[in-house]
Amino acid sequence: MPIDPVCKMSVEKNKDLMLKDNRQEYFFCSRHCREKFLKQIQNEGEKLAAPKESTFFTCPMHPEIRQKNFGDCPKCGMALEPVGAAKDTLEEVSIRSYFIKFWLGIIFAAPVIILNAGEIFPFLKISAILSYKISSWVQLVFATPVVFWSGGFFHIKALKSLISRSLNMFTLISLGVISAYGYSLFAVILPKIFPSSLKAAGRINLYFEAAAMITLLVLLGQLLEAKARNKTGHAIKALLGFAAKNAHLVTNGREEEVKIGAVKKGDLLRVKPGEKVPVDGIIIEGQSAIDESMLSGEPVPLQKGTGDKVAGATINQTGTFLMRAEKVGAETLLSQIIQMVETAQRSRAPIQKLADKVSSYFVPTVIFTAVITFFAWLVFGSKPSLSYAVVNAISVLIIACPCALGLATPMSVMVGVGRAALSGILIKNAEAIEKADKITHVLVDKTGTLTLGKPRVITITVNKNFSEQIFLESAAAIELLSEHPLAIAIVDYAKERKFEIPNAEEFETITGMGAKAIVKGKNILLGKEDFLNGAKIIIDGELKNKAAQFQANTETIVWLAIDMEIAGFFAISDPIKETTPLALKKLHAMGLRVVMVTGDNQLTALAIARGLGIDEVHAALKPQDKLAIVKELKQKGKHPLMAGDGINDAPALSESDIGVAMGTGTDIAIESSDIALVKGDLNGIAKTLIFSRIIMKNIRQNLFFAFVYNSLGIPVAAGILYPLFGILLSPVIAAAAMSFSSLSVVTNSLRLRYSKF
């Protein structure tokens, strides 16, 4: 007996409340339970549509740190961030926490600052209202919650750094604040232990206001930095915003609107003008202009029709079409882009190793410098020497915090990778950015890279011993099992002539050469001339001469043999992409040498190279030949970038300094690459190299700011200018400078969001 899924009651008497869809039937005991169930399904659909939340946390400065629970980075003390959708929520919580601690800290710090101002500026006559002793106790009471509540997490992080023996910025902050607070605490509780030389008119200088102000300024820096860093996720948020929320599901001619999470592979979906394409799929009826700018960054809509693939989140502009869902959920191109961007943002550029190495020695060196500063002032400083020693040692600890140094590289990478993604350039790791800055040679495949990758058969030449029908049916049968662009062209040509395509048996493909199979009991070989020559099939001179004429006009020749006898050839044309000439000009303007590496024949390759001004041509290559060329260039000290879109490009893509996969290519090529171009446009390579140089320039600027800041700040804080100019750096000023130095690095990184390339 059917049972209601919500209340578990029998539905035997209420079958009229049955809900049908294209997968199964549902029964309900009442309309109320039916509505509850529908709402539950709707919520589940929304959950499926949303990206999965992260199962681990990582550090923005040290992405190798990964743990399942939230906490602090054991290396730098920064709060770990979740990977995935929960990141925004946690960042908002952190910002709100900093905000509350900061403003309540100001309320408590106000009396301390006012009372201290009364001691600095006697004309305020605060001492006439409160005695020094009462004023000291009031400052102690109000400074304590600022130091240990507003800034309590500084000290917890510092304690953890000491326990783990991984000193970091919070170690220095905590030492500085605790030193100022502790000195003042003893001055209030045990004033008699201080020598008379430290007492002016019976008073000891207190630094509660320094401890409170340092805490608040560092906290303000953390708040501003958190807000700025929150903006680094702009690209991810923008990509998530592109996703469609609903789809029009068509079942048995009936159309209904469903949540995107309810769409499954194979479902038929109708897309109307102005709507977003819900998932990745293929058009089976109708045509339209599709705006793919959210993927490629190019504003020009593309005309799509029956048989063309469409990507989820792109916008249907004009016509209505029916599509079949092929990739849903995490399989869609948009989901893969988001995952790729998140992974790349957490990766480390090799230049980060320099910052890490400096930081590992930096904190102990700063502590040592602070100790030397303390004793130098204590022994050689002006009176009261102990006060000067304490103040200057604290200033050294505070101003030297290496936060800016640690943020310099990861912030640029996070913003840069996101900005590139919005322009259709998917950078898989930060190492590729740094390597792109050193590229000397650009190696490009022909089909799908220089050309559109949508070839069409221009003509066929058939041996007089075979009929056109047998020739086309044999070729189409074997090519129907291949996804190569040339194979698709041959199959389409046979279909246009209404030939029935038979089944092929014992199909086998030889990568970069051709394929063979048995069709209607006959052995069929199809592919390059070398492939047939290797099988000892003789091609007569007349056919060769005809083929050479087509090759001279940049057309590709595909040969066919039936039962070891040459049957003829296909002359196939693949037009050059409109953007290719301009892209090559940009690459040449950057001082790069462009090399064509193609499996096509020498005549066709040379004809295309002459027309495009390509520097060097290698044709009739097998996958291992392309790999050998890459290795040879690297042995000569060159830095090659390989761009391709086929399986035969995968080895060279993996071996080259940078592999760039054209987004229109195979999954294997994309998987083997360091960078993928969504649009599959050679112009994207020029954009990639230009933007990589912009990112590296930004990183170097950040590192320069951080190194120069600490190099100049520490000596000034130690009092090196005092003998000549009488200048000392207040710990409060040091705290402000330290906080805003980190903010300047983040702000400089955020400029990448608006870069033009």
Look up atom [atom1] in [X] and atom [atom2] in [Y], then write down how far apart they are to the nearest 0.5 Å.
{"X": "Trp559", "Y": "Asp530", "atom1": "CH2", "atom2": "CG", "value": "11.5 Å"}
{"X": "Lys586", "Y": "Leu592", "atom1": "NZ", "atom2": "CG", "value": "13.0 Å"}
{"X": "Ile260", "Y": "Leu269", "atom1": "CD1", "atom2": "CG", "value": "7.5 Å"}
{"X": "Ile608", "Y": "Thr598", "atom1": "CD1", "atom2": "OG1", "value": "7.5 Å"}
{"X": "Leu612", "Y": "Leu584", "atom1": "CG", "atom2": "CG", "value": "5.5 Å"}
{"X": "Ile557", "Y": "Gln549", "atom1": "CD1", "atom2": "CD", "value": "10.0 Å"}

Donor-acceptor under 3.5 Å ([X] side chain, [Y] main chain):
{"X": "Thr332", "Y": "Gly329", "value": "yes"}
{"X": "Asn463", "Y": "Gly568", "value": "no"}
{"X": "Asn683", "Y": "Ala686", "value": "no"}
{"X": "Thr604", "Y": "Glu555", "value": "yes"}
{"X": "Ser656", "Y": "Leu653", "value": "yes"}
{"X": "Asp308", "Y": "Gly305", "value": "yes"}
{"X": "Arg419", "Y": "Ser755", "value": "yes"}
{"X": "Lys327", "Y": "Val279", "value": "no"}
{"X": "Thr554", "Y": "Ala607", "value": "no"}
{"X": "Asp615", "Y": "Val595", "value": "no"}

### Task
Test salt bridge (Lys or Arg N to Asp or Glu O under 4.0 Å) on Glu496 and Arg456 and set out the steps.
CA-CA 12 Å; Glu496 288 172 4; Arg456 59 188 180 89; over 6 Å; no
### Message
Lys520 vs Glu473, test: salt bridge (Lys or Arg N to Asp or Glu O under 4.0 Å). Steps then yes/no.
### Response
CA-CA 10 Å; Lys520 291 185 176 182; Glu473 286 182 353; 3.2 Å; yes
### Query
Within a strict 4.5 Å, meaning less than it, do heavy atoms of the Val277 and Phe321 side chains meet?
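The answer is yes, as the side chains (C-beta and beyond) meet within the 4.5 Å cut-off.
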So, for [X] and [Y], which heavy atoms are closest and what is the spacing to 0.1 Å?
{"X": "Lys264", "Y": "Asp267", "result": "N-OD2, 2.9 Å"}
{"X": "Ala489", "Y": "Val457", "result": "O-CG2, 3.7 Å"}
{"X": "Val519", "Y": "Ala504", "result": "CG2-CB, 4.0 Å"}
{"X": "Val617", "Y": "Ala605", "result": "CG1-CB, 3.7 Å"}
{"X": "Thr320", "Y": "Asn316", "result": "CA-ND2, 4.4 Å"}
{"X": "Ala432", "Y": "Ile658", "result": "O-CD1, 3.3 Å"}

### Tyr493 ring center near Phe499 ring center (under 6.0 Å)
no
### Pairing of Glu326 and Lys309 as salt bridge, 4.0 angstrom limit
no
#### Entry: Partner of Thr688 under side-chain contact (heavy atoms from CB on, under 4.5 Å), chosen from Val660, Leu677, Leu426
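Considering Val660, Leu677, Leu426, a side-chain contact (heavy atoms from CB on, under 4.5 Å) with Thr688 is found only for Leu677.
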#### Entry: Other residues, nucleotides, ligands: >12 heavy atoms within 6.0 Å of Lys516 NZ
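Atom NZ in Lys516 is not crowded, with 12 or fewer foreign heavy atoms closer than 6.0 Å.
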### Task
Take atom CG of Asn503 as the centre, draw a 6.0 Å sphere, and report whether it contains more than 12 heavy atoms from other residues, nucleotides or ligands.
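Not buried by this count: 12 neighbours or fewer within 6.0 Å.
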### Query
Do we see a donor-acceptor contact under 3.5 Å between the side chains of Asp574 and Thr451?
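Per modelled atom types, Asp574 and Thr451 side chains form a pair under 3.5 Å.
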